[in-house]
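One structure is given below, encoded as structure tokens.
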Amino acid sequence: RKEVEQDPGPFNVPEGATVAFNCTYSNSASQSFFWYRQDCRKEPKLLMSVYSSGNEDGRFTAQLNRASQYISLLIRDSKLSDSATYLCHGGSQGNLIFGKGTKLSVKP
Amino acid sequence: EAGVVQSPRYKIIEKKQPVAFWCNPISGHNTLYWYRQNLGQGPELLIRYENEEAVDDSQLPKDRFSAERLKGVDSTLKIQPAELGDSAVYLCASSLQDTGANVLTFGAGSRLTVL
């Protein structure tokens, strides 16, 4: 049931850079989308929900493009502490699926 | 408030042995999930409970895996017998099911190594 696809990366970026990840989904009926952050050998933790109108939380911006069936996560002014794997989670009610995750490494 | 509690954190067993994992969700969360996560992969859903009812167990390998959530609170996931390919992190998560949101809170996971 590979309905959610992510570029595994790794994305290697310098501090202060802007980086964006996409997550495509195949089920046009998908309604709910989230971004989770997972540090090495830790559990995933909710980063932000993705709303139809898009949403922003500090340096992080999430957007939904229903026409092209993808969600995106934009990180501005990257910090070393942003290094982690970013998992998208999406689908229809009761049938949400995680992507494989995109690994981000922010270098000094 | 305590988060999702899982035990054991680590388990090493030989193949063909049984193993069990326990999860206590956040108080009041009616939905409980068991996921399996292999290295470099995203979490894969094994089973989802709403209260004490298993509403999605389509990805649970029923020949060797079983789960229960008696009384609709804590839950156990059992593997018997374990195989080498079962080595993974088993994550429990819970959520408060409402009209649309499915925000998950995960436990720290149980890392299983099958030798």
Side-chain angles (χ1 to χ4, degrees), chain A residues 1-11 21-25 27 29-53 55 57 62 64 71 73 84-105, chain B residues 2-7 9-10 21 23-26 29-51 53-60 88-113:
Chain A
R1 336 198 263 195
K2 297 301 180 186
E3 299 181 10
V4 177
E5 301 282 348
Q6 290 185 255
D7 182 342
F11 284 64
F21 314 130
N22 285 341
C23 171
T24 60
Y25 60 94
N27 184 356
S30 298
Q31 300 167 324
S32 301
F33 303 93
F34 306 88
W35 284 102
Y36 285 79
R37 170 191 169 128
Q38 186 171 28
D39 292 294
C40 187
R41 300 181 74 85
K42 298 287 189 180
E43 72 274 21
K45 293 183 179 179
L46 179 71
L47 179 65
M48 55 199 310
S49 303
V50 185
Y51 304 126
S52 296
S53 56
N55 52 313
D57 183 5
L64 167 62
I71 63 171
L73 177 66
T85 295
Y86 292 84
L87 297 160
C88 70
H89 190 217
S92 53
Q93 184 73 9
N95 187 29
L96 275 70
I97 298 172
F98 278 97
K100 292 186 177 181
T102 296
K103 186 173 182 178
L104 172 65
S105 181
Chain B
V4 177
V5 180
Q6 290 189 246
S7 68
R9 288 293 311 278
Y10 304 93
F21 306 113
C23 172
N24 188 256
I26 290 175
H29 279 194
N30 55 332
T31 305
L32 183 146
Y33 312 74
W34 282 103
Y35 285 89
R36 176 170 58 189
Q37 187 174 28
N38 291 299
L39 190 64
Q41 303 293 314
E44 295 179 329
L45 181 67
L46 292 174
I47 189 168
R48 176 169 64 97
Y49 284 93
E50 288 184 10
N51 300 303
E53 182 183 359
V55 295
D56 183 358
D57 64 355
S58 58
Q59 302 301 306
L60 188 72
V89 177
Y90 291 84
L91 292 161
C92 179
S94 69
S95 70
L96 183 62
Q97 195 73 17
D98 58 19
T99 55
N102 292 278
V103 174
L104 306 180
T105 302
F106 284 88
S110 294
R111 184 175 297 272
L112 174 66
T113 301

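Naming convention: chains lettered A, B, ... in sequence-line order (proteins, then strands); numbering from 1 in each chain.
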Exercise. Quick one: which of B:G107, B:A93, B:G109 has the most heavy-atom pairs under 4.5 Å with chain A, could you say?
Key: B:G107
Practice problem: Tell me whether the centres of the aromatic rings in B:Y35 and B:F106 are closer together than 6.0 Å. | Solution: yes
Quiz item: What distance separates B:N51 CG from B:H29 NE2, expressed to the nearest 0.5 Å?
Solution: 12.5 Å
Exercise. State the CD-CZ distance between B:E44 and B:R36, to the nearest 0.5 angstrom.
Key: 6.5 Å
Practice problem: Heavy-atom distances under 4.5 Å only: say whether B:E50 touches chain A with side chain, backbone, both or neither. | Solution: neither
Quiz item: Side chain, backbone, both or neither: which part of B:L39 has a heavy atom under 4.5 Å from chain A?
Solution: neither
Quiz prompt | Under 4.5 Å from any heavy atom of chain B - which part of A:S49 | solution = side chain
Practice problem: Counting only heavy atoms closer than 4.5 Å, note whether A:Q38 contacts chain B via side chain, backbone, both or neither. | Solution: side chain
Self-check item: Expected output: side-chain A:E3 to main-chain A:T24 donor-acceptor under 3.5 Å
Solution: no
Quiz item: Is A:D39 paired with A:R37 through a side-chain N to carboxylate O contact shorter than 4.0 Å?
Solution: yes
